[in-house]
Every structure is written in structure tokens, then in C-alpha cells.
Amino acid sequence: MVFYFESATENDDEKVLIYMGRDKFENENLIEHGWDQDVWFHVDKISSAHVYLRMPDGMSWDAIPENILIDAGQLTKANSIDGNKLNNQTILYTPWANLKKTPGMETGQVTFHKQNLVKKVFIRERNNEIVNRLNKTRVERNNPDLAAEKVAKQRELKQAQRLMEKKLRQEEEARKKEYARLAELRSYKGVVDDEEGMKSNKYRAEDSDDDYFM
């Protein structure tokens with residue numbers, strides 16, 4: 001079972017997905033099949049749910065809007081047996097790609113590739129208003145195919161990348177054609193100007209001869 005929640009940007013103009021597993025076995029699946037857009041949250045030094053924030057396009061993990069950061073932190077604290085009862089809890093968060101599994105680790109346990117990619121959000125106390133609001137959006141999915149969903153997302157991203165590269169190539173070709181057209185136009189204008197200049201010189205020469213004979 002995976003639980004999905006919905007947060008939103010401050011002006012409620014963009015929905016943001018938050019999700020977590022039911023137990024450590026599902027946590028293992030989430031660790032394996034996370035997306036590059038995911039940010040992992042966990043209470044520092046005590047057991048808690050592994051909570052993930054799936055960032056929408058344009059959001060950076062080190063610049064998550066404060067209200068969304070607090071939502072994820074509150075949900076993480078609320079889903080810690082010990083942390084839920086305690087005030088002044090530190091919640092760690094880091095990009096999914098920074099999670100590290102090593103041989104011998106217990107099921108659902110992780111460490112980090114780079115400690116400098118771990119940030120903290122401080123939750124002074126449980127905010128029931130926030131937790132209740134998030135719980136009202138909760139959707140439960142029984143055994144979702146996380147691997148297939150990840151493959152589909154990667155395929156979508158690759159397709160979008162190919163389309164972007166195609167668009168850039170077309171724009172570059174259009175720029176080259178326009179540059180060539182303008183260069184040809186300048187060259188043609190130069191030839192015309194030279195011809196006009198030669199005609200003008202001829203006329204002036206003829207006028208000069210007429211004046212001389214008069």
C-alpha cells in the first residue's frame with residue numbers, strides 16, 4: 001500500500017504530490033523506484049515513514065516553497081511513532097538520487113552518497129490543521145507497479161527531450177537560412193549599387209564631354 005497526498009503552492013495554482021509507503025518493505029520499493037524529481041524526507045535520528053515529495057517541472061529541491069516544505073515536514077513527523085509525540089523535531093530531506101543502499105543494511109534503511117546534499121527543516125510541534133488537511137487528500141493504492149510507472153516517466157522525458165532537440169535543430173536551421181538569405185540580399189544590393197555607380201559615372205563623363213565641345 002502506498003499513500004498519496006496533495007499539497008499545493010502558496011497561491012494554490014499548482015498541486016504537488018507527496019507520497020509514502022505503509023511499512024519498511026514498501027519503503028524498499030520506493031527507494032528502488034524513485035524518480036529524479038523526488039525528494040526524500042525522514043525524521044532525524046528516530047524511526048519514521050519515508051516521505052517523498054514529487055517536484056513539478058521548474059521546482060528545485062534546494063528551493064522548495066516554504067509552505068510545501070512545512071507540509072512534507074509535518075506529514076513526516078506525524079508518521080513517526082516517537083516523533084509524533086515529541087516537539088522540536090528536525091526533518092532531513094535530500095534528492096532521491098542521493099539515497100544510498102549498502103550491503104548488510106536492514107530493509108528500508110538508507111544512507112547518503114553526499115552529506116552536503118542533505119538539508120533540514122525544523123518542525124517545532126505538530127500542526128493538526130496541516131496534517132488534517134493533507135489527510136483529507138489521501139489516496140491509497142494497493143501494490144502500484146512502481147517500476148512500470150518509472151519506465152513510463154523516463155520514456156516520457158526522453159520523448160520530450162527528443163522533441164526539444166528537434167525544435168532547437170529546426171530553429172538553428174531557420175536561423176542559418178535567414179542569415180544566408182540576408183547575406184545574399186546584401187551581396188545583391190552591393191552588385192546593384194556598383195552597377196548604378198558605374199552608370200552614374202558614365203553619365204557624368206558624357207555630360208562633361210558635351211560641355212567641353214560647346
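This one's a predicted model, so the numbers in the text were calculated from it and none came from an experiment.
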Taking the side chain as everything from C-beta on, heavy atoms only, tell me whether [X] gets closer than 4.5 Å to [Y].
| X | Y | answer |
| --- | --- | --- |
| L117 | F112 | no |
| L163 | Q159 | yes |
| F41 | M20 | no |
| K166 | R169 | yes |
| K101 | V110 | yes |
| Q37 | K153 | yes |
| M105 | T111 | yes |

Is the number of heavy atoms from other residues, nucleotides or ligands within 6.0 Å of [atom1] ([X]) greater than 12?
| X | atom1 | result |
| --- | --- | --- |
| I81 | CD1 | no |
| D62 | CG | yes |
| E140 | CD | yes |
| E171 | CD | yes |
| K120 | NZ | no |

To the nearest 0.5 angstrom, please state how far the [atom1] atom of [X] sits from the [atom2] atom of [Y].
| X | Y | atom1 | atom2 | answer |
| --- | --- | --- | --- | --- |
| E14 | I68 | CD | CD1 | 7.5 Å |
| W40 | I31 | CH2 | CD1 | 8.0 Å |
| L69 | W61 | CG | CH2 | 10.5 Å |
| D38 | H50 | CG | NE2 | 14.0 Å |
| F5 | L134 | CZ | CG | 7.5 Å |
| N127 | R133 | CG | CZ | 8.5 Å |

Closest approach of [X] to [Y] (non-hydrogen atoms, all atoms of both residues):
| X | Y | value |
| --- | --- | --- |
| V16 | R54 | CG1-O, 3.8 Å |
| A49 | H42 | O-CD2, 3.8 Å |
| A8 | N67 | O-ND2, 2.8 Å |
| S80 | V43 | CB-CG2, 4.0 Å |
| V2 | P144 | CG2-CG, 3.7 Å |

Side chain [X], main chain [Y], donor-acceptor under 3.5 Å:
| X | Y | answer |
| --- | --- | --- |
| D71 | I130 | no |
| K150 | G34 | yes |
| K77 | R124 | no |
| E28 | T107 | no |
| N98 | K114 | yes |
| H113 | L99 | yes |

Are [X] and [Y] connected, step by step, through hydrophobic side chains (Ile, Leu, Val, Met, Phe, Trp, Tyr) whose heavy atoms are closer than 4.5 Å?
| X | Y | answer |
| --- | --- | --- |
| V131 | Y4 | no |
| I123 | I18 | yes |
| V51 | M59 | yes |

#### Entry: Audit row: E172, R175, salt bridge (charged side-chain N to carboxylate O under 4.0 Å, His left out) steps and yes/no
CA-CA 5 Å; E172 180 63 21; R175 280 195 294 270; 2.7 Å; yes

### Task
Run through T76, D82, L75, N84 and flag the one making a side chain to side chain contact (heavy atoms under 4.5 Å, CB included) with S48.
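It is T76, the one option of T76, D82, L75, N84 that forms the side chain to side chain contact (heavy atoms under 4.5 Å, CB included) with S48.
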
#### Entry: SB check R181 E178 (cutoff 4.0 Å)
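So R181 pairs with E178 through a salt bridge.
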
### Message
Checking ring-ring contact (aromatic ring centres under 6.0 Å, His included) between Y52 and each of W96, Y19, W35, Y93, which is the one that passes?
### Response
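The option that passes is Y19.
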
